[in-house]
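Inspection log for the structure reproduced underneath, given as structure tokens.
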Protein chains: 2
Amino acid sequence: MSKITIQEIAILAGVNKATVSRVINGNRNISEKTRKKVEDIMKQYNYVPNSIARGLATNKTFTVGFCFDYTNKQAYANPFFYKVLQGIEEVVYDRDHMFLMMSDHDGKSDRSTFERVVVEHRVDGVIIPNTLLNERNYELLAKHNMPFVVSGENTLPQVDVPWVDIDNVQAGRVLTEHLLNLGCRSIMIYAGGSAALRDKFLSDRLTGYREAMRQHHLEAQVIEHADLLKSFHDPQEYASEGQRPDALICCTHEQLFEILDWENGNPLLAELALATFDSFPMSKYLKYPVHFVEIDLEMMGKQAAQMLFSLMNKEPGVPPSISIRTQIGK
Amino acid sequence: MSKITIQEIAILAGVNKATVSRVINGNRNISEKTRKKVEDIMKQYNYVPNSIARGLATNKTFTVGFCFDYTNKQAYANPFFYKVLQGIEEVVYDRDHMFLMMSDHDGKSDRSTFERVVVEHRVDGVIIPNTLLNERNYELLAKHNMPFVVSGENTLPQVDVPWVDIDNVQAGRVLTEHLLNLGCRSIMIYAGGSAALRDKFLSDRLTGYREAMRQHHLEAQVIEHADLLKSFHDPQEYASEGQRPDALICCTHEQLFEILDWENGNPLLAELALATFDSFPMSKYLKYPVHFVEIDLEMMGKQAAQMLFSLMNKEPGVPPSISIRTQIGK
DNA sequence: ATGAAAGCGCTAACAA
DNA sequence: TTGTTAGCGCTTTCAT
């Protein structure tokens, strides 16, 4: 219904449309009198500038994109994931932009929606998860020189890209210290061997754990294979361990679930403090209580968006990356 | 980088840009020869039409919006909620449109982002959750005659709006029948009194349960207050019940959690088949197994999007609403 | 079947 | 400080 255009406003205000345009864009070279007059008319007629036309004239879209990785169950296993979107949205709309969603699993089309958005320049900048930032996508963004921020630490070794992520080292430290404060002294960490080498977020959590343990002059006990844990089933092996383990940190939910699957078979489980990263609902309804660090996903979204705007505006001194601190949950 | 315009393509192909435009839009009034020629040039130069310019000329945005209700914890308690988005996205991009996100919790701005998107005509149509479709928003959409579809059954009594929702009656029936098939005969349903009256999805589930029970000539046992359940704590009351309850359907997760909170205190819990609606991860790690109906959220998103396109294209015979069937999970 | 030209609503030199 | 005038890239009559 907002059919009224800048031209009509101009006529109604008795000025040229260029003048109205200047008012809209907050140009300072305008007399207080005409500014007031134009603003009154605009308000009176509920004038809303047509952003499409604006975009055509300025070669901007006033839109920021977010690339969803629907294949990444890991991400959505966290039901609070939408908080990231909320954080982004808040910043994006605060800056008078829109928020476009896309993904990179190509459907029937020859181009993924992500590719289309970039190629068609439907956004002025984009936030992409590290799981989706492969060389191909990086090239694409670079070729179209589209500003972008990676959510999750950069996993492309060959290039330097701006990213925002949870501070996993700090998270590992905090969680370990929490257990130490609870009185635990023999804290194991389950960090599944090969995965820990491949995924930086895992090795970072491990690093945090090691730091905290060293600081308390305790020995790190890293479990690399589930088999090692299963040996605790055997009361004899169990006893042979010099010190009786009193806590177990699982680096991922999957690992936690593995442990929980022991069911009643393991005598150790009942007296073991379990801990993991990232909260989830119903944790209190699990068979055993689980300690965890809470991640401020909304903040992560906000930071990513703010970083993106800085990049889009070519602001100087944009940090190459941002790490978000965590704290013990609940 | 796709700086090449329709004009340049026209020159390269030795035709007028109107001809190129016709090729782009699949106009039939074109010789096979020139069409081929133009298409070759377009491909050769990786020409991508500027959708902003297209939008300006046609007064369209080629964009569909989705309004997020960030305040609705209920929705996001379901970690598979993102499947709805995936379903929508698939359809939207399939039809060469973009997918915009917005919300209706006004931040600092005087207008919610939802309102801004509508007023600024940033989308050609929008999907809005029923929790957000109040009179104000309805008026807004109507005033700007913006096509829309409600996700979740319509809760505005005074108006008729197109909606897509889970078939909760059928879900109630299916879940009850599943328990019956398992051999349960005394099936209770916990349907929290006032809430069941207020929320249609609750009363629908109840209806489905009643239908199934009636069909099997069994008596419906509706628990309206948690107190009634607690009485089962008492072995005496327990015995006085003519028939020993063997199953309990919880209408919501919250109710299920209430029950689970009984912990070890209740002798009934261990021998009671628990059931609820809507799946969730980790259900297998709960203290007791829980039966549930699975909801095809992706389908829900797809249907909503398809319905919206039908509306946008003013197709005849668009159904007033769509109910999605469910099935027993896992 | 194709071309010419007017516009979509706005911005941004350049003038005045 | 304000007005004039080109565009931005595309669609769409209206001619031919």
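As the structure is a prediction and not an experimental result, all values here were calculated from the model. Note: hydrogens, waters and symmetry copies are ignored here, and every other heavy atom, side chains too, is used. Throughout, a chain's letter reflects where its sequence line sits, starting with A, and its residues are numbered from 1.
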Task: Closest to side chain of Thr5(A), choosing from dG9(C), dT1(D), dG3(D) - done: dG9(C)

TODO: Could you check whether Ser51(B) gets within reach of a base, just the sugar-phosphate, or nothing at all, counting any heavy atom under 4.0 Å?
DONE: nothing

Open item on the list: If you only use heavy atoms from C-beta on, which nucleotide in dC10(D), dT2(C), dT2(D) is closest to the side chain of Thr34(B)?
Closed with: dT2(C)

- [ ] To the nearest Å, give me how far apart CG (Leu56(A)) and P (dG9(D)) are.
- [x] 7 Å

Open item on the list: Is Ser21(A) close enough to dT11(C) that one of its side-chain N or O atoms is under 4.0 Å from OP1 or OP2 there?
Closed with: yes

Open item on the list: Looking at dT2(D), I'd like to know if its phosphate oxygens (OP1 or OP2) sit under 4.0 Å from a side-chain N or O belonging to Asn16(A).
Closed with: no

- [ ] Would you please confirm or rule out a distance under 4.0 Å between OP1 or OP2 of dG3(D) and any side-chain N or O of Thr19(A)?
- [x] yes

Task: For atom CD1 of Ile52(B) and atom P of dC10(D), their distance in whole Å - done: 11 Å

Open item on the list: It should be established whether Asn50(B) places a side-chain nitrogen or oxygen under 4.0 Å from OP1 or OP2 of nucleotide dC10(D).
Closed with: no

TODO: Compare side-chain N and O positions of Tyr47(B) against OP1 and OP2 of dG9(D) and report whether any pair is under 4.0 Å apart.
DONE: no

- [ ] Would you kindly check if the NZ (Lys) or CZ (Arg) of Arg54(A) is within the cone defined by 45 degrees around the ring axis of Phe62(A) and under 6.0 Å from the six-membered ring centre?
- [x] yes

Open item on the list: Rounding to an integer number of Å, can you tell me how far Asn27(A) CG sits from dG3(D) P?
Closed with: 13 Å

- [ ] Go through dC10(D), dC8(D), dA12(C) for me and flag the one nearest to the Ala57(B) side chain.
- [x] dC10(D)

Task: Distance in angstrom units between Ile30(A) CD1 and dT11(C) P, rounded - done: 12 Å

- [ ] Taking atom types as modelled, find out whether Ser51(B) and Arg122(A) have a side-chain donor-acceptor pair closer than 3.5 angstrom.
- [x] yes

Open item on the list: Quick check on DNA chain C: between Thr58(A) and Ala53(B), whose nearest nucleotide comes earlier from the 5' end?
Closed with: Ala53(B)

Open item on the list: From NZ of Lys3(A) over to P of dG7(C), roughly how many Å is that when rounded to an integer?
Closed with: 15 Å

- [ ] Calculate the interatomic distance between Lys33(B) atom NZ and dT2(C) atom P; express it in whole Å.
- [x] 8 Å

- [ ] Report which part of the nucleic acid Val20(A) touches: base, sugar-phosphate, or nothing (heavy-atom distance under 4.0 Å, all strands).
- [x] nothing

- [ ] Could you tell me if the ring centre of Phe68(B) sits under 6.0 Å from that of Phe81(B)?
- [x] yes

Open item on the list: Within this structure, what is the CD-CG distance for the pair Gln44(B) and Leu12(B), rounded to the nearest 0.5 Å?
Closed with: 8.0 Å

- [ ] Mind calculating the distance between CG (Asn59(B)) and C1' (dG9(D)) to the nearest angstrom?
- [x] 16 Å

- [ ] Let me know the distance between CD1 of Ile6(A) and P of dC8(D), rounded to the nearest Å.
- [x] 18 Å

Task: N or O in side chain of Asn25(A) less than 4.0 angstrom from dT11(C) OP1/OP2 - done: yes

Open item on the list: Just checking Tyr45(B) against Tyr47(B), ring centres under 6.0 Å apart?
Closed with: no

